[in-house]
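Numbering of residues begins at 1 and proceeds along the displayed sequence.
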Amino acid sequence: MTAAAPSKTQRVLRKSALYQHPIGVVWAALTDGEALAQWLMPNDFAPEEGREFQFRVDPMLSFTGLVQCRVLELDPPRRMVWSWVSTARPGKRQPPPMRLEWTLAEEAGGARLTLTQTGLEGQPFLYNIMMSMGWGTMLKRWLPRVLDAFQRSGESPDLWVYRRLEKAPNRGHHKTRTIPATFHK
């Protein structure tokens with residue numbers, strides 16, 4: 001099956017990083033809700049195809065703090081695709097959904113993670129710049145700290161357990177006073 005080529009007007013944001021960790025650790029950091037909360041945002045994520053989930057932070061400027069998502073595709077431990085909609089404030093135009101594709105490949109004794117985000121055409125220009133800078137910070141600074149907090153499970157050498165960091169790398173960036181108690185924070 002061949003994926004359709006992006007149209008000439010389609011904006012694509014692609015970020016890639018190589019981690020000196022096994023592919024299973026990087027996959028675990030993408031699919032463990034608690035780990036995801038520490039390098040991305042508080043969430044109610046579970047790695048189940050079709051599952052709807054949210055990321056939430058306290059509202060700031062024009063951002064409501066709520067991102068509505070759905071797991072569209074799941075192929076552990078190589079690929080995961082989400083829909084992503086940053087909700088607009090009341091009275092503002094709701095942006096169209098974006099698509100985030102996470103792919104992992106073994107490379108040079110570690111794992112290469114590539115994030116491909118499409119559907120940026122309907123987003124405000126400033127939002128696209130913020131997304132590009134934000135993903136770069138998350139993948140290059142915050143995710144590596146979370147990756148270092150995983151350890152092998154005694155039950156299975158392929159199972160990784162997250163040892164929650166006392167201070168999440170993203171805590172200075174995202175406020176979480178209004179996040180539901182049921183969310184991973």
Student: Is Lys15 close to Thr114 at the side-chain level, that is, under 4.5 Å between some pair of heavy atoms?
Tutor: no
Student: Side chains of Ser16 and Arg112: any donor to acceptor distance under 3.5 Å?
Tutor: yes
Student: To the nearest 0.5 Å, what is the distance between OG on Ser83 and CD on Glu73?
Tutor: 11.0 Å
Student: Measuring from Thr31:OG1 to Glu48:CD, what's the distance to the nearest 0.5 Å?
Tutor: 11.5 Å
Student: Work out which heavy atom in Leu143 is nearest to a heavy atom in Ala29; give both atom names and the distance.
Tutor: CD1-CB, 3.7 Å
Student: So, the side chain of Asp75 versus the backbone of Arg78: is there a donor-acceptor pair under 3.5 Å, distance only?
Tutor: no
Student: Where do Leu66 and Gln54 land on the side chain to side chain contact (heavy atoms under 4.5 Å, CB included) test, with the steps shown first?
Tutor: CA-CA 7 Å; Leu66 175 62; Gln54 297 177 344; 3.4 Å; yes
Student: Please report the interatomic distance CZ(Arg164) to CD(Glu166), rounded to the nearest 0.5 Å.
Tutor: 10.0 Å
Student: Does the plane of the ring in Trp102 sit parallel, tilted or perpendicular to the ring in Trp135? Use 30° and 60° as the thresholds.
Tutor: perpendicular
Student: Find out whether Leu40 and Met138 are in side-chain contact, i.e. whether some heavy atom of one side chain is under 4.5 Å from a heavy atom of the other.
Tutor: yes
Student: Check step by step if salt bridge (Lys or Arg N to Asp or Glu O under 4.0 Å) holds for Arg14 and Glu101.
Tutor: CA-CA 9 Å; Arg14 188 168 283 115; Glu101 180 177 357; over 6 Å; no
Student: Yes or no on side chain to side chain contact (heavy atoms under 4.5 Å, CB included) for Leu13 and Thr116, after CA distance, side-chain angles and deciding distance?
Tutor: CA-CA 6 Å; Leu13 172 62; Thr116 305; over 6 Å; no
Student: Are the side chains of Phe55 and Cys69 in contact, using a 4.5 Å heavy-atom criterion?
Tutor: yes
Student: Quick check: do Glu107 and Leu18 have side-chain heavy atoms less than 4.5 Å from each other?
Tutor: yes
Student: Would Leu72 end up clustered with Met98 when hydrophobic side chains under 4.5 Å apart are linked, directly or stepwise?
Tutor: no
Student: Do Leu115 and Val25 sit in one hydrophobic cluster, given that two such residues count as connected whenever their side-chain heavy atoms are within less than 4.5 Å of each other, even indirectly?
Tutor: yes
Student: Determine, stepwise, if the pair Trp84 / Met131 fulfils side chain to side chain contact (heavy atoms under 4.5 Å, CB included).
Tutor: CA-CA 12 Å; Trp84 176 287; Met131 291 293 286; 4.1 Å; yes
Student: How far apart are the closest heavy atoms of Arg145 and Arg141, and which atoms are they?
Tutor: CG-O, 3.7 Å
Student: Regarding His21 and Asp148, is there a side-chain donor-to-acceptor distance under 3.5 Å anywhere?
Tutor: yes
Student: Does Leu139 belong to the same Ile/Leu/Val/Met/Phe/Trp/Tyr cluster as Met80, with side-chain heavy atoms less than 4.5 Å apart forming each link?
Tutor: yes
Student: Is Glu49 paired with Arg70 through a side-chain N to carboxylate O contact shorter than 4.0 Å?
Tutor: no
Student: Under 3.5 Å, is there a donor-acceptor pair between the side chain of Gln68 and the main chain of Val85?
Tutor: no
Student: Do Gln38 and Tyr162 have a side chain donor and acceptor closer than 3.5 Å?
Tutor: yes
Student: Which pair of non-hydrogen atoms, one from Asn170 and one from Ala37, has the smallest distance, and what is that distance?
Tutor: ND2-O, 2.9 Å
Student: Return the minimal non-hydrogen interatomic distance between Asn43 and Gly33, and the atom names on each side.
Tutor: ND2-O, 3.0 Å
Student: Between Leu113 and Leu30, what is the shortest heavy-atom contact and its length?
Tutor: CD1-CD1, 3.8 Å
Student: Is the backbone of Phe53 close enough, under 3.5 Å, to the side chain of Asp44 for a donor and an acceptor to pair up by distance?
Tutor: no
Student: Shared ILVMFWY cluster between Leu100 and Leu120, side chains joined below 4.5 angstrom?
Tutor: yes
Student: Please report the C-alpha distance between Trp82 and Phe45 in whole Å, then the side-chain angles of each, then the deciding distance to 0.1 Å, and finally whether the ring-ring contact (aromatic ring centres under 6.0 Å, His included) criterion is met.
Tutor: CA-CA 11 Å; Trp82 299 340; Phe45 175 81; 5.7 Å; yes
Student: Determine yes or no for a side-chain-to-main-chain donor-acceptor pair under 3.5 angstrom, with Thr87 supplying the side chain and Val67 the backbone.
Tutor: no
Student: Using side-chain heavy atoms (C-beta onward) and a distance below 4.5 Å, is Pro22 in contact with Trp27?
Tutor: no
Student: Please give me the minimum heavy-atom distance between Trp39 and Trp142, naming the atom from each residue.
Tutor: O-CE3, 3.3 Å
Student: So Thr64 and Pro59, do their side chains get closer than 4.5 Å, heavy atoms only?
Tutor: no
